[in-house]
Amino acid sequence: MRFSTQLLPLFTSLAFAAPLDLARSDLHKLFVRQDIQTPVNASLPNITIFATGGTIASVGTSNTQTTGYSVGLGVQQLVTAVPELLNISNIAGYQISNVDSGSINETISLTLSHMINEELAKPEISGVVVTHGTDTLEETAFFLSSTVNSTKPVIIVGAMRPATALSADGPLNLYQAVLLAASPAALNRGTMIVLNDRIGSAFYTTKNNANTLDTFSSTEAGQLGVFVNQVPYFFYAPAEPVGRLVFDISSATDLAQVDILFAHQDMNPALFEASYAAGAQGIVFAGTGAGGYSRKAGVAASALYNATGIPIVASHRSADGLVPLKGEGVAAVGAYCGVECGGG
Ligand code: ASP
């Protein structure tokens with residue numbers, strides 16, 4: 001077993017600041033691969049886990065505590081808690097960060113994307129698993145779905161209860177995630193989210209409940225499949241979400257700052273200008289209904305777009321639905337995304 005807990009603080013701090021002499025695009029070269037079992041079993045698939053933190057890696061002070069716990073477990077401890085993983089795969093792990101998912105940042109996202117692309121390009125690797133906090137899990141899932149170019153599976157997994165809780169959900173979720181990453185049935189299905197016995201598409205799945213185990217779902221597009229007695233059953237043959245784009249970000253060293261503004265009755269129109277003044281290079285507008293906004297907000301967005309040309313993309317604050325490509329009174333919208341570009 002080649003694992004050193006002393007390395008964990010180093011990994012955690014790397015996620016926030018690259019050393020001065022290292023380009024951000026090279027940051028992933030510092031992460032140390034941990035082969036969790038030796039020797040490897042040549043008859044089993046090889047799966048790599050990228051651990052980032054979240055509730056799945058958290059501990060509370062009692063087994064009934066299900067809020068207010070803290071991140072603390074490393075990738076080795078996550079795997080040690082589920083020894084059955086080693087019956088179904090050879091596991092290697094990378095500790096990318098150990099943070100709650102609200103703190104996943106540009107550096108962590110880019111590192112994950114670069115490393116996962118490199119990992120999946122190795123013929124001996126069957127798939128990868130990312131352990132992640134659930135609060136922003138869908139954002140990382142969508143980002144990886146849009147930047148990882150592989151037919152092999154990328155599975156994102158989290159937990160709603162900390163590892164110390166009665167009926168903690170993390171261990172079985174992790175087992176199912178590894179099982180799926182190793183399954184030939186998961187090929188050509190892109191990035192998927194596994195929690196609570198369900199398999200969801202990264203393109204459509206969102207967290208819908210702040211507290212309960214059955215939080216991830218996609219109401220309109222539906223789930224892709226389900227686990228029954230730890231066997232993944234897909235409902236349909238592999239299919240691509242309409243409009244999914246895959247960007248090559250292999251040489252990207254930073255990501256554009258895009259702010260999300262949430263519409264509501266009588267929204268403060270100054271938020272558009274304030275966002276731009278604070279560095280936004282694009283704005284996504286979570287509009288009322290199908291991308292709606294108040295007259296004042298429309299005037300402010302229009303003025304900003306006309307003055308700066310930054311993209312202002314209409315979306316919707318409702319959990320589901322689409323924004324039509326050409327709506328009414330949308331002069332402010334620089335790029336207006338609907339069915340034609342993949343679902344709003
Ligand atoms: N606070 C956690 C997070 O990192 C919540 C979770 O993982 O369920 O998002």
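Quick note: numbers below take in every heavy atom, side chains included, and nothing from hydrogens, waters or symmetry partners. Numbering of ligands and ligand atoms starts at 1, following listing order.
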### Query
Quick one: does G53 get a heavy atom under 4.0 Å from ligand 1?
no
#### Entry: Contact atoms of ligand 1, heavy-atom distance to D100 under 4.0 Å
1 (N), 2 (C), 3 (C), 4 (O)
### Message
Is the shortest side-chain heavy-atom distance between N196 and D169 below 4.5 Å?
### Response
no
### Message
Would you say L78 ends up clustered with L172 if hydrophobic residues are merged whenever their side chains have heavy atoms under 4.5 Å apart, either directly or through other cluster members?
### Response
yes
### Query
With atoms numbered from 1 as shown, which atoms in ligand 1 lie under 4.0 angstrom from a non-hydrogen atom of G54?
4 (O), 7 (O)
### Message
So for ligand 1, is I56 a polar contact partner (N or O within less than 3.5 Å, distance only)?
### Response
no
## Note on the structure
In this structure, atom 4 (O) of ligand 1 is nearest to the protein heavy atom S101 N, 2.7 Å
### Side chain proximity check, S109 to I104, heavy atoms < 4.5 angstrom
yes
### Query
For the side chain to side chain contact (heavy atoms under 4.5 Å, CB included) test, which of I193, L180, T205 pairs with I199?
L180
### Query
Can you find a heavy atom in the side chain of E139 that is under 4.5 Å from one in the side chain of K207?
no
### Shortest heavy-atom approach to atom 2 (C) of ligand 1 - which of T55, V71, D169
T55
### Query
Is the closest N or O pair between T134 and ligand 1 shorter than 3.5 Å?
yes
### Task
Measure across A202 and S145 and return the closest heavy-atom pair with its distance rounded to 0.1 Å.
CB-CB, 4.0 Å
## Note on the structure
Across all chains, not counting sequence neighbours, the side-chain contact (heavy atoms from CB on, under 4.5 Å) partners of F142 are S146, F203
### Query
Heavy-atom contacts under 4.0 Å between A159 and ligand 1: side chain, backbone, both, or neither?
backbone
#### Entry: Close N or O approach (K207, ligand 1; < 3.5 Å)
no
### Message
At less than 4.0 angstrom from any non-hydrogen atom of G133, what atoms of ligand 1 do you find?
### Response
3 (C), 4 (O), 7 (O), 9 (O)
